[in-house]
Amino acid sequence: MRGSRESLAEPSHRFTLPESPALLEVRRAVRGWLAAHPGPVAVALSGGADSLALTAATAAEAPNVTALIVDHGLQAGSAEVAEVAAERARLLGVDDARVLTVTVAGSGGMEAAARRARYDALDGARGAASVLVAHTLDDQAETVLLGLGRGSGPRSIAGMAAFDDPWGRPLLGVRRAVTRAACRELGLEPFQDPHNTDPDFTRVRLRHEVLPLLEDVLGGGVAPALARTAEQLQDDGRALDAIATAVVDTNTRELDVSAIESSDPAIRRRVVRRWLLGRGVTSLSDRQIRAVDALVVRWTGQGGVALPGGTPEARLVCSRRHGRLSVGLENE
């Protein structure tokens, strides 16, 4: 399947996937995910090795698969790269392949803006399907390290979940080397995104500098160990979340401080987080949750806590009055 764009253009060239070791490992991972999360699926395809291997496996394991390819427009020739990815998806057996063109803009830097644009486009195009994304065990290890470095708390160190509706991640137990081997078995030359080797991005330096150093110093096995840590923390987090849900109804306009002030801190902060998210707050950090928690257990008459969300003209603020927490716009 190597060769020119034209050699990939005809869907009639579909073929039977080889029974080869790496591709079979990817297929087993997808099959296990589908058994645990039945329902229609689409695949987010970038043209890189991870998403190509995922697309091939999903087309073989699931019916009526759609490939969704996002063109961020950030590089010369990105439209052609996206079209080639769509043609390859059709050749691999998907029922439909669509290119979604987005505009990358907004705060937080190019990486964050591109991610927002990509996920918004995928969410808008998926219909009723879950979207499978090709994060691997190595991506999970990098995510855990990022969470550790930022001090974002156990929820961040727990990394990415196998299913976070509507996003599915079947390959969290599969190494990046396996997806590349699967592409070689398929005869595919993956697209090499130059951003994946740009040291201006923190994740790239983690991948090419920090993790290899840790592997050398600690004697190997670091990435699987970090991924296991994430899985263990996810199990613990689910148990604590279930306890927190039973403490108090958080689907309320105001939160009664007396209902949670004597709870264990880990439970209390989970209640606070759940309630804040229900009040329109977005992208909460551990620092912000702890600041709101201080309104509960270290109340000295302090002012409100500014939170993400609201409008361009006014931020959201959580305040305490008469023993109850409320969230409103700053100028209310």
Side-chain angles (χ1 to χ4, degrees), residues 25-26 28-37 39 41-46 48-55 57-58 68 70 108 111-123 126 129-179 193 195-196 201-207 210-211 214 222-241 270 273-274 277 282-286 289:
E25 181 175 342
V26 179
R28 282 194 296 270
V30 171
R31 190 181 309 145
W33 190 95
L34 291 170
H37 309 283
V41 292
V43 181
L45 172 62
S46 68
D50 300 337
S51 62
L52 275 173
L54 176 62
T55 300
T58 306
L68 300 174
V70 177
E111 189 175 15
R115 185 181 186 279
R116 284 195 303 271
R118 176 169 64 255
Y119 276 88
D120 285 348
L122 292 170
D123 196 20
R126 68 182 178 87
S130 299
V131 180
L132 304 188
V133 291
H135 294 130
T136 64
L137 183 149
D138 300 85
D139 294 307
Q140 183 76 300
E142 293 161 13
T143 300
V144 173
L145 281 178
L146 283 171
L148 281 169
R150 291 168 179 165
S152 304
R155 196 177 297 273
S156 177
I157 301 169
M160 299 174 285
F163 185 52
D164 184 13
D165 193 14
W167 315 111
R169 300 180 181 90
L171 305 187
L172 290 180
V174 176
R175 297 301 302 264
R176 190 175 289 137
V178 173
T179 64
D193 187 343
H195 289 153
N196 289 338
F201 297 110
T202 302
R203 189 177 283 270
V204 171
R205 296 196 66 187
L206 279 176
R207 182 174 304 167
V210 177
L211 270 169
L214 286 173
V222 170
L226 289 168
R228 287 195 303 274
T229 298
E231 188 173 358
Q232 291 159 5
L233 284 169
Q234 286 175 24
D235 290 341
D236 292 348
R238 280 190 291 269
L240 290 170
D241 285 342
R270 278 171 165 78
R273 178 182 182 275
R274 185 182 181 90
L277 292 175
T282 59
S283 304
L284 274 167
S285 69
D286 183 67
I289 294 170

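Along the sequence shown, residues carry numbers from 1.
- Taking F163 as the reference, W33, H37 meet the ring-ring contact (aromatic ring centres under 6.0 Å, His included) condition, with sequence neighbours excluded.
- In this structure, R155 pairs ionically with D241, as a charged nitrogen and a carboxylate oxygen lie closer than 4.0 Å.
- Within the model, atoms OG1 of T143 and CG of L148 stand 11.0 Å from one another, a figure rounded to the nearest 0.5 Å.
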Open item on the list: Is there a side chain to side chain contact (heavy atoms under 4.5 Å, CB included) between T136 and R175? Walk through the geometry before answering.
Closed with: CA-CA 6 Å; T136 64; R175 297 301 302 264; over 6 Å; no

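- With hydrogens and angles ignored, the 3.5 Å screen pairs no side-chain donor or acceptor of Q140 with any backbone N or O of L226.
- A distance of 10.0 Å separates CG of L54 from OG of S46, quoted to the nearest 0.5 Å.
- Contact detail for R126 and D123: the closest heavy-atom pair is NE-OD1, 2.7 Å.
- When the salt bridge (Lys or Arg N to Asp or Glu O under 4.0 Å) test is applied to D235, the partners found at least two apart in sequence or on another chain are R238.
- Between the CG atom of L122 and the CG atom of L45 there is a distance of 10.5 Å, given to the nearest 0.5 Å.
- Closest approach of A158 and L233 over heavy atoms only: CB-CB, 3.8 Å.
- Screening V174, T58, V41 for a side-chain contact (heavy atoms from CB on, under 4.5 Å) involving V30 leaves a single residue, T58.
- Within a 6.0 Å radius of CZ in R203, more than 12 heavy atoms belonging to other residues, nucleotides or ligands are found.
- Proximity of a side-chain donor or acceptor of S156 to a complementary backbone N or O of G153 within less than 3.5 Å is not detected.
- Between atom CD1 of residue I157 and atom OG1 of residue T229 there is a gap of 9.0 Å, rounded to the nearest 0.5 Å.
- Annotation: E231, atom CD; neighbour count of heavy atoms from other residues, nucleotides and ligands within 6.0 Å does not exceed 12.
- Checked for salt-bridge contact, R207 and D139 meet the test: a charged N lies under 4.0 Å from a carboxylate O.
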